[in-house]
Amino acid sequence: MSYNNNYTKDDILRIAKAENVRFIRLQFTDLMGSIKNVEIPLSQLEKALDNKMMFDGSSIEGYVRIEESDMYLYPDLDTWVIFPWVTESKVARLICDIYMPDGTPFAGDPRAILKNALKQAEEMGYTAMNVGPEPEFFLFKTDDKGNPTTELNDQGGYFDLAPMDLGENCRRDIVLTLEEMGFEIEASHHEVAPGQHEIDFKYADAIKAADQIQTFKLVVKTVARQHGLHATFMPKPLFGMNGSGMHCHQSLFKGETNAFYDESDKLGLSTVARQYMAGVLRHARSFAAITNPTVNSYKRLVPGYEAPCYVAWSASNRSPMIRIPASRGLSTRVEVRNPDPAANPYLALAVMLAAGLDGIKNKMQLPPPTDRNIYVMSEEERESEGIPSLPLNLKQALDELLRDDVVCDTLGEHALAHFYELKEIEWDMYRTQVHQWERDQYLSLY
């Protein structure tokens, strides 16, 4: 059942009956990026399609207090899809926007936050933000109780094939499942680290791309479980190996025209593209708490593992935060390389877009490209070239977040306050915990 077919209410009711769908999951995403759903029987589908399905918002992380808990799910009809892995009692899903009882969008709904950022782009004359995401993941073996271990299921490396890549069958089944659900898969391969994989799907407008990232995570985890494996999007599950990123290729369009392309420029980049990149670089340290939202995210952003740690750009070099892929014309785009797949995709795309739009609005000057390997530059060299580092940890990132009005305004008061509070608790729990590393280092020594 393909995604985004401009379904009407009648289409969905007809298909549900014809396909013998028994249950429908009304999905939405909480502030931390976790998929939530309210499952309803087929008998309730018409009520849901009339936007009359209510749920208790106070039980969702970062939503509302108990005394204002009634909220409504408004399904996006274009997201209708039947899960291909359920054969008996078929299950379909609809992704929903969250509304208040008075009919206004809920300010803490991540999908609404991205829609608001896109409205700002529209007011500036841009009809679409196109995004091509590249979420990476690891496959681990499970124990006899089905719990995840950190034992890898292969010893493959970048682009390896079976027999080295034992995840190949699982990855192939993931691709087939995604295609059944309407994804256009462009590439699927083993990544650099053993047990690590990447599946790239065709770019889409920002809302659909964020929806697809969430669907992708669900499919990957579901199919992995069928293979007796655990899939994780944790940014850095293993010390000494590459972590998992979620590079986001992005461009702005005006109708059919790519606003980032200028054939007269020696790099093929328009002034708009350069200003957009300048804005992304200017706000990068501030939006890191959103694009890299966990304590573990900052274990990935260290030199030596292909993850960007420095706020710079290049057309040829993979060590900076922004790279310009070689394609030109309609495919001209900027690749922002610091986000990881633990990020809430709606919030991550919203803050990157807002940063880029701020660059365009204020005609920001793009610094010169950094075509040297930044990892081998000394701190003095980086300073003299004006290349700052991304935050070193979640605490630094949270401090930077609060200093940036553009990023804070994009999130809005409600989401910012709840996100910050939850992340402060996470940092404090990590900071006060005694870790195995400390016992290994100090227990005998002192």
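- Taking the six-membered ring for Trp and the full ring otherwise, His435 and Tyr430 have centroids separated by under 6.0 Å.
- Asp211 and Tyr346 share a donor-acceptor pair across their side chains, judged by distance under 3.5 Å alone.
- For Gln226, the CD atom sits in a packed shell: over 12 heavy atoms of surrounding residues, nucleotides or ligands are nearer than 6.0 Å.
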Practice item. Apply ring-ring contact (aromatic ring centres under 6.0 Å, His included) to the pair Phe253 and Tyr126, showing each step before the final yes or no. Key: CA-CA 6 Å; Phe253 271 65; Tyr126 302 104; over 10 Å; no
Exercise for review: Please step through ring-ring contact (aromatic ring centres under 6.0 Å, His included) for the pair Phe106 and Tyr99, ending with a clear verdict.
Suggested key: CA-CA 5 Å; Phe106 168 48; Tyr99 277 74; over 10 Å; no
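- Side-chain contact of His283 with Asp358: a donor-acceptor pair under 3.5 Å is present, judged by distance alone.
- Taking the centre of each ring, Tyr72 and Phe55 stay at or above the 6.0 Å mark.
- At a cut-off of 3.5 Å, with distance as the only test, no side-chain donor of Glu186 or Tyr203 sits close to an acceptor on the other residue.
- At a cut-off of 3.5 Å, with distance as the only test, a side-chain donor of Lys361 or Gln120 sits close to an acceptor on the other residue.
- Aromatic rings from Phe137 and His197 are positioned such that their centres are separated by under 6.0 Å.
- Under the 3.5 Å distance criterion, with hydrogens and angles disregarded, a donor-acceptor pair is assigned to the side chains of Gln214 and Thr29.
- Asp76 and Thr79 form no side-chain donor-acceptor contact under 3.5 Å, judged by distance and modelled atom types alone.
- Side chains of Arg93 and Thr215: a donor on one and an acceptor on the other come within 3.5 Å.
- Between the side chains of Asp205 and Asn130, no donor N or O sits under 3.5 Å from an acceptor N or O.
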